[in-house]
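Just so it is clear: chains get the letters A, B, ... in the order the sequence lines come, proteins before strands, and each one is counted from 1.
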Protein chains: 2
Amino acid sequence: MDNATSVQPAPVLETHLGYWLRLVSNHISGEFARALQEQGLSVAEWVALNQIGRGTALTPANLADAMGMTRGAISKVLDKLQLKGWISRATSPEDSRVQLLAPTRQGKRALPELTTIADGNDEHFFGALSATERATLRKLLKKLADIHQMHNIPAE
Amino acid sequence: MDNATSVQPAPVLETHLGYWLRLVSNHISGEFARALQEQGLSVAEWVALNQIGRGTALTPANLADAMGMTRGAISKVLDKLQLKGWISRATSPEDSRVQLLAPTRQGKRALPELTTIADGNDEHFFGALSATERATLRKLLKKLADIHQMHNIPAE
DNA sequence: TATTGTTATACTCTATAACTATA
DNA sequence: TATAGTTATAGAGTATAACAATA
């Protein structure tokens, strides 16, 4: 017997918009994380690689701020990306405390494939909405992000 | 210097609706989780207590299915709720393998306070939208949940 | 044999704090 | 002294698998 559909959420839960947001977001993010995992990658690693892949000279401190994570945590994420041979760390000539992050040739080559996964995930889940509905959803989410000053790049 | 606003997400990230959904959802859920944490409660515990608090005879297996977690994980969540004195476990008279979950008097008394926290969180974040916008957002999220058959109660 | 629930174990992720090197 | 980055340690959360009791 599958009880998943027979047990409904308590009424109070469903009344919250936050409930629906979390339901949908966790489902979509979870599926995306699973797809990345097949490539041996976490969401945080994917976000970091994307940032570094832009070519902009980034430092671990920049990344930590942008992703809302501690420097210690970022350090480990970078270790994994470096172990995969996708990024390099180089001491800044201007300030030798600073590490400059850059994608390797391999890293640059890997990014398009990963982007395809992200595109596919988005298309799979939001393709069911019309262009107008997608635009509306984007507008509402952006509005919430703007009003509440959400500018960390989510990596959970 | 605060780099959080100076480091922008790579363009490819922003194009995904999933990005905005994750940004907003993680922010709101994170704030809610923090508020619950002040009461010494995790989101999973709160969801479980809500389900049990309905009064419907629930079992750990029901909860595991409903919340998309393993029975082992649910068992630990229930341990914590029981330790707080908010739920009771009783062997079912019909099948002594089954444990029937029920809220204690204390648990029933705690729920309204916790609901107030959830209400406040929702109001804080979505109050910035008009009633029409909230209705639209709810409709779109429900549509996505419906189309993709998302019926687990999110507890991350 | 199959099922319910618990426990044992391990793993991932992240934070806190100590530490090194440089400024 | 302050800052960038790393490392050491610990904690939360969850899954997998082994287990005991019951059907």
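- Look at CZ on B:Arg97: it is 5 Å from C1' on C:dT3, rounded to the nearest Å.
- Comparing C:dT14, C:dT6, D:dG13 against the side chain of B:Lys80 picks out D:dG13 as the nearest.
- Ranking C:dT14, C:dT6, D:dT14 by closeness to the B:Ala44 side chain, first place goes to D:dT14.
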Would you sort out whether A:Lys139 and A:Asp146 count as a salt bridge (charged side-chain N to carboxylate O under 4.0 Å, His left out), showing the intermediate values? CA-CA 10 Å; A:Lys139 195 191 66 187; A:Asp146 186 51; over 6 Å; no

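- Heavy atoms of A:Ala155 sit under 4.0 angstrom from primed sugar atoms or phosphate atoms, though from no base atom.
- Checking C:dT4, D:dG5, D:dA23 against every side-chain atom of B:Arg71, the shortest atom distance belongs to C:dT4.
- Residue B:Thr70 is classed as a base contact, given a heavy-atom separation below 4.0 Å to a base.
- In this structure, a donor-acceptor pair under 3.5 Å is absent between the side chains of B:Gln82 and B:Ser88.
- Which of D:dG5, C:dT9, C:dG5 sits closest to the side chain of B:Lys76 comes down to C:dT9.
- When distances run from any side-chain atom of B:Gln99 to the nucleotides D:dA4, C:dT6, C:dT22, the shortest one goes to C:dT6.
- Atom CG of A:Leu41 and atom C1' of C:dC13 are 14 Å apart (whole Å).
- Atom CD in B:Glu45 sits about 14 Å away from atom C1' in D:dT14, given to the nearest Å.
- When each of A:Ile74 and B:Gly68 is assigned the nucleotide of DNA chain D bearing its nearest heavy atom, the one mapping closer to the 5' terminus is A:Ile74.
- Comparing A:Glu94 and B:Val98 by the nucleotide of DNA chain C that holds the closest heavy atom to each, the one mapping nearer the 5' end is B:Val98.
- Nearest nucleotide to the B:Pro60 side chain, out of D:dA15, D:dG5, C:dG5: C:dG5.
- When heavy atoms are screened at a 4.0 angstrom cut-off, A:Ser75 is found touching base atoms of the nucleic acid.
- Looking only at atom types and distance, the side chain of B:Asp119 has no donor-acceptor partner in the side chain of B:Thr116 under 3.5 Å away.
- In the model, A:Gln99 has no side-chain atom that pairs as donor or acceptor with a side-chain atom of A:Thr59 under 3.5 Å.
- Distance, A:Leu81 CG to D:dG5 P: 16 Å, rounded to whole Å.
- Neither OP1 nor OP2 of C:dA21 sits under 4.0 Å from any side-chain N or O of A:Ser96.
- The closest donor-acceptor contact from the side chain of A:His27 to the backbone of B:Ala145 lies at 3.5 Å or more, if one exists at all.
- Between B:Asp79 atom CG and C:dT6 atom C1' the separation is 8 Å, expressed in whole Å.
- Between the CE atom of A:Met69 and the P atom of C:dC13 there is a distance of 9 Å, given to the nearest Å.
- Rounded to whole Å, the distance from CG on B:Leu100 to P on C:dG5 is 9 Å.
- Distances from the side chain of B:Asp95 to the nucleotides D:dT22, C:dA23, D:dT6 place D:dT22 closest.
- B:Gln37 places its CD atom 14 Å from the P atom of D:dG11, with the value rounded to the nearest Å.
- Smallest separation of non-hydrogen atoms from A:Glu14 and A:Tyr19: CA-CD2, 4.0 Å.
- Looking at which nucleotide of DNA chain C each of A:Val43 and B:Leu78 is closest to, the 5′-most match is held by B:Leu78.
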